**Student:** 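One structure, as structure tokens, below. Some questions next.
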Amino acid sequence: MKVSIEVNGKTIQEEISPDLLLIDFVRRHGCFSVKRGCETSNCGLCTVFLDDKPVLSCSVLAARAHGHRVTTLEGLQEEAEEFGAFIADQGAEQCGFCNPGMIMNAIALFRENPWPDREEIQEYLAGNLCRCSGYEGQLRGILAFLEYKRQKGGENRG
């Protein structure tokens with residue numbers, strides 16, 4: 001079957017098998033930030049945006065993305081760069097394997113709720129697997145980033 005999928009702003013038209021997963025499609029096209037972790041939709045490592053909504057690409061057929069826009073971390077470098085530094089500053093990228101999925105989900109959270117509280121952050125990121133750090137570094141990094149945004153003149157909801 002032939003699909004046309006926009007990946008990080010570039011339209012890709014390709015003949016694919018009907019059972020090709022979206023994770024395999026984007027990795028085939030150089031998006032190696034999308035990781036294969038559990039293959040059971042439990043770890044968050046394969047998160048991509050499908051029309052700006054986070055989805056687990058290991059559980060979406062590439063055919064379902066036909067005519068849609070897919071964005072990976074490679075397509076969000078500018079948006080991710082500033083935030084990613086806060087994660088690194090907290091020592092939360094020990095092996096780095098979970099970082100792309102964690103950053104994708106944090107960006108999705110900030111887009112949905114620019115000023116989340118601690119509980120909202122923990123709830124939103126609960127589906128992300130990190131075997132090294134126990135999530136405390138990521139949480140500290142997100143909280144530090146939000147404080148930085150507040151000091152920079154961002155709005156504060158409370």
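Note that the structure is predicted; figures quoted are calculated from it, not measured.
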**Student:** L146 and P114: which non-hydrogen atoms are nearest, and at how many Å?
**Tutor:** CD2-O, 3.5 Å

**Student:** Search all heavy atoms of T40 against all heavy atoms of C58 and return the closest pair with its distance.
**Tutor:** N-SG, 4.3 Å

**Student:** For F86 and F145, take the angle between the two ring planes, folded into 0 to 90°, and tell me which bin it lands in: parallel under 30, tilted 30 to 60, perpendicular over 60.
**Tutor:** perpendicular

**Student:** Give the minimum heavy-atom separation between C31 and V7, together with the two atoms involved.
**Tutor:** SG-CG1, 3.8 Å

**Student:** Test N8 against T71 for side chain to side chain donor-acceptor pair (under 3.5 Å), laying out the working first.
**Tutor:** CA-CA 5 Å; N8 297 327; T71 309; 4.7 Å; no

**Student:** Going hydrophobic residue to hydrophobic residue with side-chain gaps under 4.5 angstrom, can you get from I107 over to L50?
**Tutor:** no

**Student:** Is the backbone N or O of R69 less than 3.5 Å from a side-chain atom of D51, with the two atoms forming a donor-acceptor pair by type?
**Tutor:** yes

**Student:** Is there a donor-acceptor pair under 3.5 Å between the side chain of E120 and the backbone N or O of D117?
**Tutor:** yes

**Student:** Taking H66 for the side chain and V3 for the main chain, is one N or O donor matched with an acceptor at less than 3.5 Å?
**Tutor:** no

**Student:** Work out which heavy atom in G37 is nearest to a heavy atom in L45; give both atom names and the distance.
**Tutor:** CA-CD1, 3.7 Å

**Student:** More than 12 foreign heavy atoms under 6.0 Å from CD of E78: is that the case here?
**Tutor:** no

**Student:** Within this structure, what is the SG-CG distance for the pair C46 and L56, rounded to the nearest 0.5 Å?
**Tutor:** 4.5 Å

**Student:** Are L73 and V60 connected in the hydrophobic side-chain network, where two residues link if heavy atoms are under 4.5 Å apart?
**Tutor:** no

**Student:** Please evaluate residues E79 and R111 with respect to the criterion salt bridge (charged side-chain N to carboxylate O under 4.0 Å, His left out), reporting the C-alpha separation (whole Å), side-chain torsions for both, the decisive distance (0.1 Å), and the verdict.
**Tutor:** CA-CA 11 Å; E79 192 172 352; R111 287 178 176 183; 2.8 Å; yes

**Student:** Measuring from E82:CD to K149:NZ, what's the distance to the nearest 0.5 Å?
**Tutor:** 9.0 Å

**Student:** With side chains defined as the heavy atoms from C-beta onward, is the minimum distance between I103 and P100 less than 4.5 Å?
**Tutor:** no

**Student:** What are the two closest non-hydrogen atoms of P18 and M1, and how far apart are they?
**Tutor:** CA-SD, 4.0 Å

**Student:** Tabulate below the donor-acceptor pairs under 3.5 Å that side-chain atoms of residues 21-29 make, not counting sequence neighbours, or state none.
**Tutor:**
from : atom 1 : to  : atom 2 : distance (Å)
D24  : OD1    : R36 : NH2    : 2.0
D24  : OD2    : R36 : NH2    : 3.4
R27  : NH1    : F32 : O      : 3.3
R27  : NH1    : V34 : O      : 2.7
R28  : NH1    : E14 : OE2    : 2.4
H29  : NE2    : E14 : OE1    : 2.6

**Student:** I'd like to know whether I5 forms a side-chain contact (heavy atoms from CB on, under 4.5 Å) with T11, so could you lay out the CA-CA distance, the side-chain angles of the two residues, the decisive distance to 0.1 Å, and finally the verdict.
**Tutor:** CA-CA 6 Å; I5 302 172; T11 300; over 6 Å; no

**Student:** Which heavy-atom pair separates G44 from N105 by the least distance, and what is that distance?
**Tutor:** O-ND2, 4.0 Å

**Student:** When you compare the side chain of I87 with that of N99, does any pair of heavy atoms fall below 4.5 Å?
**Tutor:** yes

**Student:** Taking a hydrophobic cluster as the set of Ile, Leu, Val, Met, Phe, Trp and Tyr residues connected by side-chain heavy atoms closer than 4.5 Å, whether directly or through intermediates, do F49 and L125 fall within one such cluster?
**Tutor:** yes

**Student:** Between L143 and R140, is the side-chain contact (heavy atoms from CB on, under 4.5 Å) condition met? List the steps.
**Tutor:** CA-CA 5 Å; L143 292 171; R140 286 192 312 269; 5.8 Å; no

**Student:** Verify side-chain contact (heavy atoms from CB on, under 4.5 Å) between F110 and F83, making sure each step is shown before the conclusion.
**Tutor:** CA-CA 10 Å; F110 298 146; F83 168 67; 3.7 Å; yes

**Student:** Tell me whether I16 shares a hydrophobic cluster with V55, the cluster being built from Ile, Leu, Val, Met, Phe, Trp, Tyr side chains joined at under 4.5 Å.
**Tutor:** yes

**Student:** Between E123 and R118, does the salt bridge (charged side-chain N to carboxylate O under 4.0 Å, His left out) criterion hold? Intermediate values first, please.
**Tutor:** CA-CA 9 Å; E123 184 178 311; R118 183 183 196 99; over 6 Å; no

**Student:** If hydrophobic clusters are built from ILVMFWY residues whose side chains come within less than 4.5 Å, do I142 and L76 share one?
**Tutor:** yes

**Student:** Using the side chain to side chain donor-acceptor pair (under 3.5 Å) rule, take E74 and S33 through it: C-alpha gap first, then chi angles, then the decisive distance, then the call.
**Tutor:** CA-CA 7 Å; E74 286 85 355; S33 68; 2.7 Å; yes

